[in-house]
J.: 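Here it is, the structure, as structure tokens.
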Amino acid sequence: MLRHDFQPGRLVAGAFLILAGVIYAGDAGGLWDTPWFVIIPVVTGGLCLAGAVGVLTRAVRRR
């Protein structure tokens, strides 16, 4: 039995923030060279997508 409702918007946001962390970790480890401005669209796009998923989830559960 679940203790709380599954929230896919938070899952999407977490996945994109983990992706941002992996990008910076690869840059710090010397595996590749990442400019600093690459993270801005990754994080912003991930948060926008997470918001859209959250709104969609609320609309589906409301019905």
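Only this structure's heavy atoms are used, side chains among them; waters, hydrogens and symmetry mates stay out. The first residue of the sequence shown is numbered 1, and numbering continues consecutively from there.
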J.: Does Val42 share a hydrophobic cluster with Leu11, counting links as ILVMFWY side-chain heavy atoms below 4.5 Å and allowing steps through other members?
T.: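 No; Leu11 is not reachable from Val42 via cluster members.
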J.: Which pair of heavy atoms, one from Ile23 and one from Ile39, lies closest together, and at what distance?
T.: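 In this case the closest contact between Ile23 and Ile39 is CG2-CD1, 3.7 Å.
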J.: Could you give the distance from CZ (Phe16) to CG (Leu49), rounded to the nearest 0.5 Å?
T.: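 Atom-to-atom, Phe16:CZ and Leu49:CG are 5.5 Å apart.
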J.: For Ala50 and Gly9, work out which heavy atoms get closest and say how close.
T.: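 Here Ala50 and Gly9 meet closest at CB-O, 3.2 Å.
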J.: With sequence neighbours excluded, what pairs up with Thr57 under the side chain to side chain donor-acceptor pair (under 3.5 Å) test?
T.: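 Thr57 satisfies side chain to side chain donor-acceptor pair (under 3.5 Å) with no residue once adjacent residues are dropped.
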J.: Is there a path of hydrophobic side-chain contacts, each under 4.5 Å between heavy atoms, that joins Ile18 and Val43?
T.: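 No: no chain of side-chain contacts under 4.5 Å links Ile18 to Val43.
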J.: Taking the side chain as C-beta and beyond, is there a heavy-atom pair between Gln7 and Arg10 under 4.5 Å?
T.: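 Result yes, sub-4.5 Å side-chain heavy-atom pair found.
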J.: If you take all heavy atoms of Trp36 and Tyr24, which pair is closest and at what distance?
T.: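 Closest heavy-atom pair between Trp36 and Tyr24: O-OH, 3.5 Å.
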J.: With a 4.5 Å cut-off on side-chain heavy-atom distances among I, L, V, M, F, W and Y, is there a chain of contacts connecting Leu19 to Val12?
T.: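 In one cluster: yes.
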